[in-house]
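Comments concern the structure below.
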Amino acid sequence: MNLLERESDVFFHTYKRFSLEIERGEGVYLYAKDGSRYLDMFAGLAVNALGYGNEKVVTAIQEQAKKYIHLSNYFLPEPQLTLAELLVKLSGYSKIFFSNSGTEAIEGAMKLARKWGSARNKEEIISFSRAFHGRTFGALSLMDNNKYKEGYEPFLPNCTIVEFNNPDQFRQAVNAQTTAVILECIQGEGGVRPASKPFIEELKALKEQFGFLLIADEIQAGLGRTGKLFAYQHYDLHPDIVVVAKPLGGGLPLGAFLGNETVAEILSPGAHGTTFGGNPVACAAGVATLKEIIEQHLMENAKTIGQLFKSELERLQREFPSIIRELRGEGLMLGIEIDREGEQIVTAMREQRILINCTDKTVLRFLPPLILQETHVRETVAALRSIFSTLPQG
Ligand SMILES: *Cc1c(COP(=O)(O)O)cnc(C)c1O
């Protein structure tokens, strides 16, 4: 029996898997057990920012594992402190809390916002349509996609979901009871959708008027992927809380929320905590990952290779105007909305040994490692071109 046949015997059936058994990874490539090599253009869904097998990360993990793998929170693990100092310095935020995952960091950010609001008679949290913030109840309460929510009701009260990029609806929803607004500046799972400039202008005006906290969910777009440390930096925005995860632990589970001076003193001992969050090995991997992103100029690479990728995709769009409806994203977070279900294209690409992802049914999403080079872009676009040219055009 192969792995997938054995899977159905023991697992709750929550994942649709590719029928591909992976042996190992190296750089931007994954190698299957039959020896075939695949170009990975979605990099563990934005987790593997350095690709596979980065030596600095592997060494950091090995060295920390030899010292200690876990301590309790009665002790401060040095890698946790090093990573905290690095992130605080890079981001300009004041304080940080480490979690195990994205969704837990979102929960922590929501708790922080509620606690800040409780002294101010504010308890409403506003989020947006098509958002993705995770799978726990708090995060799900901020999301409107029924695919993730059906059958799990009831969700948290005092959470309002407003249409994304609709400034008028947004204005109607905000009031003095609004404690926080949570936003992905470029939505990921929702289809690689950037916030529009007028929408962000409205957000800034409303924040000024009503004094709520702004939470930026940078779990997918953050830490260099869009060519800047955070996606919100593409706008003139100053979130009070920033949430990171996916690439943070270099592939190990790690998330965090950062807060500015406004919220720096809200949490007191015992007010929040976690057994595993900020695991020393994950933090050591995180330190190595962030240093590589900076020292190897990977944000700059995401920007320049991303621009090349985008212009090549624009050319493709001109060749296949009826198939490609829209091209969206920044840096190495790109999406093309096509006129049909994306799964067939994902499968056809896999047959050409290139791994891409489809989200929101019709959006082909690219989240490659930040070490991507020009040749990988050309290979990917050439494969898309050959597939699109075999499709009937509407
Ligand atoms: C993946 C993701 C999350 C959830 O992170 P998990 O680690 O899967 O809990 C939250 N927000 C965004 C924008 C994400 O992409």
Side-chain angles (χ1 to χ4, degrees), residues 14-16 42-49 97-113 125 127-145 147-149 152 155-156 159 161 164 180-195 214-226 228-232 234 237 239 241-258 274 276-279 282-283 285-286 289 328-335 357-360 363 365-368 370:
T14 55
Y15 299 116
K16 269 190 276 170
F42 69 90
L45 287 166
V47 169
N48 303 324
F97 180 91
F98 287 110
S99 67
N100 304 288
S101 64
T103 201
E104 282 169 276
I106 293 288
E107 299 290 317
M110 292 175 78
K111 285 173 72 180
L112 181 60
I125 303 180
S127 60
F128 301 103
S129 58
R130 293 182 197 265
F132 185 87
H133 298 299
R135 303 286 194 154
T136 47
F137 272 100
L140 287 173
S141 304
L142 307 173
M143 292 156 52
D144 70 340
N145 191 334
K147 176 172 110 178
Y148 305 114
K149 297 179 74 169
Y152 297 131
F155 296 98
L156 284 187
C159 292
I161 303 172
F164 185 58
V181 168
I182 180 164
L183 172 72
E184 293 163 89
C185 283
I186 303 177
Q187 292 188 331
E189 304 302 301
V192 193
R193 294 172 202 276
L214 175 60
I215 306 173
D217 180 345
E218 293 276 349
I219 291 172
Q220 187 166 139
L223 302 179
R225 173 157 300 281
T226 68
K228 294 184 188 281
L229 187 63
F230 297 118
Y232 74 74
H234 293 281
L237 261 189
I241 302 171
V242 172
V243 187
V244 288
K246 290 197 163 99
L248 181 61
L252 291 177
L254 188 62
F257 61 87
L258 293 129
T274 160
F276 290 119
N279 172 272
C283 286
T289 301
R328 297 188 290 261
E330 282 291 336
L332 290 175
M333 179 174 182
L334 296 173
N357 165 258
C358 170
T359 190
D360 198 29
V363 181
R365 180 171 49 164
F366 308 94
L367 298 165
L370 309 187

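Start at 1 and go down the list; that is how both ligands and their atoms are numbered.
- Within 6.0 Å of the CZ atom in Phe276, the count of heavy atoms belonging to other residues, nucleotides or ligands does not exceed 12.
- Residues lining ligand 1 at a heavy-atom distance below 4.0 Å are given as Ser101, Gly102, Thr103, Phe132, His133, Gly134, Glu184, Asp217, Ile219, Gln220, Lys246, ordered by chain and residue number.
- For the salt bridge (Lys or Arg N to Asp or Glu O under 4.0 Å) test, no residue two or more places apart in sequence or in another chain qualifies with Glu330.
- Considering only residues two or more places apart in sequence or on other chains, Pro194 meets the side chain to side chain contact (heavy atoms under 4.5 Å, CB included) condition with Ile186, Tyr235, Arg328.
- Remark: Arg130 engages Asp360 in a salt bridge (Lys or Arg N to Asp or Glu O under 4.0 Å) (not counting sequence neighbours).
- Ser129 places a side-chain N or O within 3.5 Å of a backbone atom of Phe164 that can act as its donor or acceptor partner.
- For the residue pair Thr103/Thr136, the side-chain donor-acceptor check at 3.5 Å is satisfied.
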